[in-house]
Amino acid sequence: MTMAIDFISNWRSLTTGINAFPPAPTFALKNIFKAVEKHASDLIDWEVWTRTSKLASFVSDVEDPVPSSKGTGTIYTVKIPKTSNIKMFTAAELERYKTLANAGYTSNVNDRLQAQANYIKDELQAEYLAVARTREYLAMTLLTKGTVTVGQNTISMNYESGKQTFTLDTTHKWNATGVNPMVAIDEYKRLIGKRANAVPNICILGENAAKAFVSNAEVRAELNANNFRTGVLDLTQGITDGSVIYLGTIRGMGFYEYLGNYDLSGTATDIMDTNSIVMLATDDSFRLHKAPIVKTDGVFQDDIYVRVAEDPYGNWKSWVIEQKSLPIVHNKNLVICSKVITA
């Protein structure tokens, strides 16, 4: 007689299972922070170089080479944050799980095993989605604000006012009379293009910014002028990745409305500031860094690690779900964030 593995107590099966779910529909992780780096330690350095857009030096056949500047570099050190949640199963809950394997539930053995597997899958998937949502929160917060607080620590991408962060004055806010949002959009595109030699291809709008943008008479008039061939504002599209609505493409740049939120003590809280936008040129400078989970009995390189604990008196079992990851903007010159609506 073959005995089925007790999947609720087998940490290897649980760890394999939680990492086998299809990628969650997270916009920033899927479309921006696509590059992944794995590290042996959770303490990492990243270096930011500042170089000039110089030309090569012309010399004659008998002249010496012209010394070349090495540029200036700044090293930042950061500890990759760890998340750890515990899911408790009481003795009564475990008993209900076990009854799914009894003949009284169904006469088909495979159906009984599948019922137990579905129970585990539902519980595991909830924890997987919590991790994915946390990574998306970190990515969007660091991308749009340049800083995020995790536990007692603050992690900064070292954004600078007037370079990465802007606030439009009252007369230029998008909800002011007679303002054309495309003026600010074009100016931000030029700034990124000049300092980073890159063309922005994504503009993400908070809810209020998106409402002002799509309803603006100047924007609609420009898009309706077919001879301009500037782009198309497509409001027929459904929600795409992670509660993000594709609005359309204008002058080669995709516009998206970000509606993602998370539960904060029972209150739905927006991940992105609803009055702001973020514009960027994507490349591998946007990276998701991962570190292993270190325990007394080993170093676990799994993306998400599940450990099983049990009450010595038989009152409960628990899963501890842990991971270490951090999105980092390695080239902040590719990003501009701006508050475009009066709060």
Side-chain angles (χ1 to χ4, degrees), residues 4-24 26 28-30 32-48 74-89 94 117 120-143 147-157 262 284-312 316-330:
I5 297 174
D6 181 6
F7 288 105
I8 205 166
S9 300
N10 189 287
W11 72 265
R12 289 185 177 86
S13 297
L14 292 169
T15 298
T16 299
I18 199 169
N19 289 297
F21 286 112
T26 48
L29 296 181
K30 178 181 177 181
I32 301 171
F33 293 89
K34 296 183 286 187
V36 176
E37 286 191 26
K38 294 186 176 182
H39 303 271
S41 168
D42 58 8
L43 193 65
I44 62 171
D45 297 328
W46 85 90
E47 193 167 17
V48 177
T74 303
I75 296 177
Y76 299 103
T77 301
V78 66
K79 185 178 179 68
I80 298 177
K82 171 183 173 181
T83 63
S84 181
N85 290 90
I86 187 167
K87 181 180 283 289
M88 303 290 296
F89 298 92
L94 292 171
I120 298 298
K121 177 184 175 182
D122 290 345
E123 296 294 343
L124 268 185
Q125 189 168 39
E127 298 306 315
Y128 165 75
L129 291 174
V131 169
R133 193 177 301 113
T134 301
R135 289 174 174 173
E136 178 76 359
Y137 164 80
L138 288 174
M140 285 300 298
T141 303
L142 286 171
L143 187 65
T147 183
V148 68
T149 299
V150 289
Q152 303 299 315
N153 300 316
T154 298
I155 298 172
S156 176
M157 297 295 99
Y262 64 99
D284 64 359
S285 298
F286 302 90
R287 304 176 201 166
L288 179 64
H289 295 262
K290 298 180 180 180
I293 297 297
V294 180
K295 298 293 183 182
T296 56
D297 55 347
V299 178
F300 300 91
Q301 300 285 350
D302 307 279
D303 187 24
I304 306 173
Y305 170 65
V306 182
R307 193 174 186 88
V308 179
E310 185 171 357
D311 175 32
W316 51 262
K317 287 183 180 179
S318 68
W319 299 343
V320 178
I321 301 94
E322 298 183 332
Q323 63 87 38
K324 293 182 180 180
S325 59
L326 178 66
I328 290 180
V329 179
H330 286 262

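- For the atom pair CD1 (I321) and OG1 (T15), the distance works out to 9.5 Å, reported to the nearest 0.5 Å.
- Taken from CG in D302 to CD1 in I18, the straight-line distance is 10.5 Å, to the nearest 0.5 Å.
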Could you give me the CA-CA distance, side-chain angles and deciding distance for N153 and K79, then say whether side chain to side chain contact (heavy atoms under 4.5 Å, CB included) is met? CA-CA 9 Å; N153 300 316; K79 185 178 179 68; 5.6 Å; no

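- Each of K290, K324, K38 was compared with D303 under the side-chain hydrogen bond (donor to acceptor under 3.5 Å, both in side chains) criterion, and only K290 meets it.
- Relative orientation of the F300 and W11 rings is perpendicular, given thresholds of 30° and 60° on the angle between their planes.
- More than 12 heavy atoms of other residues, nucleotides or ligands lie within 6.0 Å of NZ in K295, so this atom counts as buried by the packing criterion.
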Stepwise side chain to side chain contact (heavy atoms under 4.5 Å, CB included) check, L94 with K317: CA-CA 8 Å; L94 292 171; K317 287 183 180 179; 3.8 Å; yes

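- Counting heavy atoms from C-beta outward, K82 and D42 have side chains that stay 4.5 Å or more apart.
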I328 and R287: side chain to side chain contact (heavy atoms under 4.5 Å, CB included), yes or no, with the steps? CA-CA 6 Å; I328 290 180; R287 304 176 201 166; 5.6 Å; no

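- Between the side chain of W319 and the backbone N or O of I8 there is at least one donor-acceptor pair closer than 3.5 Å.
- Rounding to the nearest 0.5 Å gives a distance of 9.0 Å between CG of L288 and CG of L138.
- When all heavy atoms of A132 and L29 are compared, the closest pair comes out as O-CD1, 4.2 Å.
- The shortest heavy-atom contact between I75 and D45 is CG2-CB, 4.0 Å.
- In plain terms, the two heavy atoms of P292 and V299 that are nearest each other are CB-CG1, 3.6 Å.
- Looking only at distances, no side-chain donor or acceptor of Y76 sits under 3.5 Å from a matching main-chain atom of S156.
- Smallest separation of non-hydrogen atoms from A24 and L129: CB-CD2, 4.0 Å.
- A distance of 10.0 Å separates OG1 in T83 from CD in E127, rounded to the nearest 0.5 Å.
- The minimum heavy-atom distance linking S9 with V308 is given by the pair O-CG2, 3.6 Å.
- Between the OH atom in Y305 and the CG atom in N19 there is a gap of 12.0 Å [rounded to 0.5 Å].
- The two atoms that bring T149 and G151 nearest to each other are CG2-O, 3.6 Å, heavy atoms only.
- By the side-chain contact (heavy atoms from CB on, under 4.5 Å) test, V320 is found to be paired with S84, I86, R307, E322, residues two or more places apart in sequence or in another chain being considered.
- With values rounded to the nearest 0.5 angstrom, L142 atom CG is found 6.0 Å from L326 atom CG.
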Between R135 and T26, does the side chain to side chain contact (heavy atoms under 4.5 Å, CB included) criterion hold? Intermediate values first, please. CA-CA 9 Å; R135 289 174 174 173; T26 48; over 6 Å; no

